[in-house]
Colleague: 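Have a look at the structure that comes next, please.
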Amino acid sequence: MRRPAFTLVEMLLVLGIVAASFWLVTPRAIRGYQVWEQQRFFKQLEQQWQAAAVHARVSQRASSVKILFDSRQICFIWHSAHHTQRKDLAVPGSLTLVTPGKTGWNLQTDGYTTPGTIGFIDRQTGARYEVRIQMGGAYKFVQTTPGRLSDGQ
């Protein structure tokens with residue numbers, strides 16, 4: 001007596017449908033993760049920038065922000081009386097770091113710094129983002145139109 005079972009053709013059909021659904025869903029899931037990762041990065045960048053500015057004002061010691069192109073990181077350095085604290089923020093792999101002009105800033109004890117721009121390009125969509133550093137130490141995130149990034153001056 002034979003047991004009821006799937007035939008080879010039915011099994012291949014089911015596997016084909018499952019494979020096609022993964023093929024359609026996976027790129028969207030990966031892109032969704034990349035967008036989430038970028039949003040998290042920009043939020044952390046803003047928080048670290050603000051923390052460095054506040055630390056400079058409160059401790060009356062300058063803080064530094066450096067762009068490390070080789071390791072694809074933005075480095076925040078806080079100086080205190082007894083030690084130096086460093087926080088490195090990794091740039092997501094889906095972003096290209098392009099910074100016209102300055103690659104480092106010193107946040108003075110009064111909160112002032114030199115203006116500049118940190119530029120990013122989304123590798124998949126080509127969208128361009130700028131973090132504009134203003135003289136008073138303020139931070140502004142802008143999505144720019146495709147084309148050239150501003151020079152931040």
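Counting from 1, the numbers follow the sequence of the chain as shown. Quick caveat, the model's predicted, so the values are computed rather than measured.
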Colleague: Of Thr113, Thr84, Asn106, which meets side-chain hydrogen bond (donor to acceptor under 3.5 Å, both in side chains) against Ser64?
Modeller: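 The side-chain hydrogen bond (donor to acceptor under 3.5 Å, both in side chains) with Ser64 is passed solely by Asn106 among Thr113, Thr84, Asn106.
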Colleague: First locate atom CD of Gln73, then atom CG of Asp88, and finally report the distance between them rounded to the nearest 0.5 Å.
Modeller: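 Reported to 0.5 Å precision, the distance equals 4.5 Å.
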Colleague: Please check: side-chain N/O of Thr125 versus main-chain N/O of Ala127, any donor-acceptor pairing under 3.5 Å?
Modeller: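 Pair found, side chain donor or acceptor close to backbone of Ala127.
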Colleague: Please give me the minimum heavy-atom distance between Gln38 and Tyr129, naming the atom from each residue.
Modeller: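 Closest approach of Gln38 to Tyr129: OE1-OH, 4.1 Å.
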Colleague: Under the side-chain contact (heavy atoms from CB on, under 4.5 Å) rule, what do Val98 and Phe69 come out as? Steps first, then yes or no, please.
Modeller: CA-CA 9 Å; Val98 289; Phe69 285 98; over 6 Å; no
Colleague: According to the interplanar angle, ranging from 0 to 90°, do the rings of Phe42 and Phe120 count as parallel (below 30°), tilted (30 to 60°) or perpendicular (above 60°)?
Modeller: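 It falls in the perpendicular class, over 60°.
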Colleague: If we ignore hydrogens and angles and just use 3.5 Å, is the side chain of Arg72 paired with the main-chain N or O of Pro92 as donor and acceptor?
Modeller: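 Answer holds: yes.
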Colleague: Going from CD on Gln48 to NZ on Lys87, what distance comes out if it is rounded to the nearest 0.5 angstrom?
Modeller: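 So the gap between those two atoms works out to 5.5 Å.
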Colleague: Assess the side chains of Ser94 and Gln124: does a donor N or O sit below 3.5 Å from an acceptor N or O?
Modeller: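 Looking only at side-chain atoms, Gln124 and Ser94 do not form any donor-acceptor pair under 3.5 Å.
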Colleague: Any donor-acceptor pair under 3.5 Å linking the side chain of Ser21 with the backbone of Val18?
Modeller: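 Answer holds: yes.
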Colleague: Just wondering, do Phe141 and Glu46 contact through their side chains at under 4.5 Å, heavy atoms?
Modeller: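 No. Closest side-chain heavy atoms not under 4.5 Å.
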Colleague: Which word best sums up how the rings of Phe76 and Trp78 line up, parallel for under 30°, tilted for 30 to 60°, or perpendicular for over 60°?
Modeller: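 Judged by the thresholds at 30° and 60°, the geometry between Phe76 and Trp78 is parallel.
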Colleague: Check step by step if side-chain contact (heavy atoms from CB on, under 4.5 Å) holds for Gln143 and Arg128.
Modeller: CA-CA 6 Å; Gln143 183 171 358; Arg128 296 174 182 267; over 6 Å; no
Colleague: For Thr114 versus Ile133, what's the shortest heavy-atom pair and its separation?
Modeller: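 Taking Thr114 first and Ile133 second, the nearest heavy atoms are O-CG2, 4.1 Å.
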Colleague: Please report the C-alpha distance between Val65 and Ile74 in whole Å, then the side-chain angles of each, then the deciding distance to 0.1 Å, and finally whether the side-chain contact (heavy atoms from CB on, under 4.5 Å) criterion is met.
Modeller: CA-CA 7 Å; Val65 180; Ile74 299 176; 3.9 Å; yes
Colleague: Who passes salt bridge (charged side-chain N to carboxylate O under 4.0 Å, His left out) against Arg31, sequence neighbours left out?
Modeller: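 Asp122.
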Colleague: Are any non-hydrogen side-chain atoms of Ile121 and Leu95 less than 4.5 angstrom apart?
Modeller: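 No, too far: nothing below the 4.5 Å cut-off.
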Colleague: What are the two closest heavy atoms between Leu107 and Ala52, and how far apart are they?
Modeller: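 Heavy atoms only, the tightest pair is CD1-CB, 3.5 Å.
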Colleague: As a test of understanding, state which of Val91, Leu68, Thr103 forms a side-chain contact (heavy atoms from CB on, under 4.5 Å) with Leu97.
Modeller: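 Going through Val91, Leu68, Thr103 one by one, the side-chain contact (heavy atoms from CB on, under 4.5 Å) with Leu97 is satisfied by Val91 alone.
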Colleague: Do Thr109 side-chain atoms and Gln60 backbone N/O form a donor-acceptor pair below 3.5 Å?
Modeller: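 Between the backbone of Gln60 and the side chain of Thr109 there is no qualifying donor-acceptor contact (under 3.5 Å).
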Colleague: Between Trp36 and Phe41, does the side-chain contact (heavy atoms from CB on, under 4.5 Å) criterion hold? Intermediate values first, please.
Modeller: CA-CA 9 Å; Trp36 172 79; Phe41 167 74; over 6 Å; no
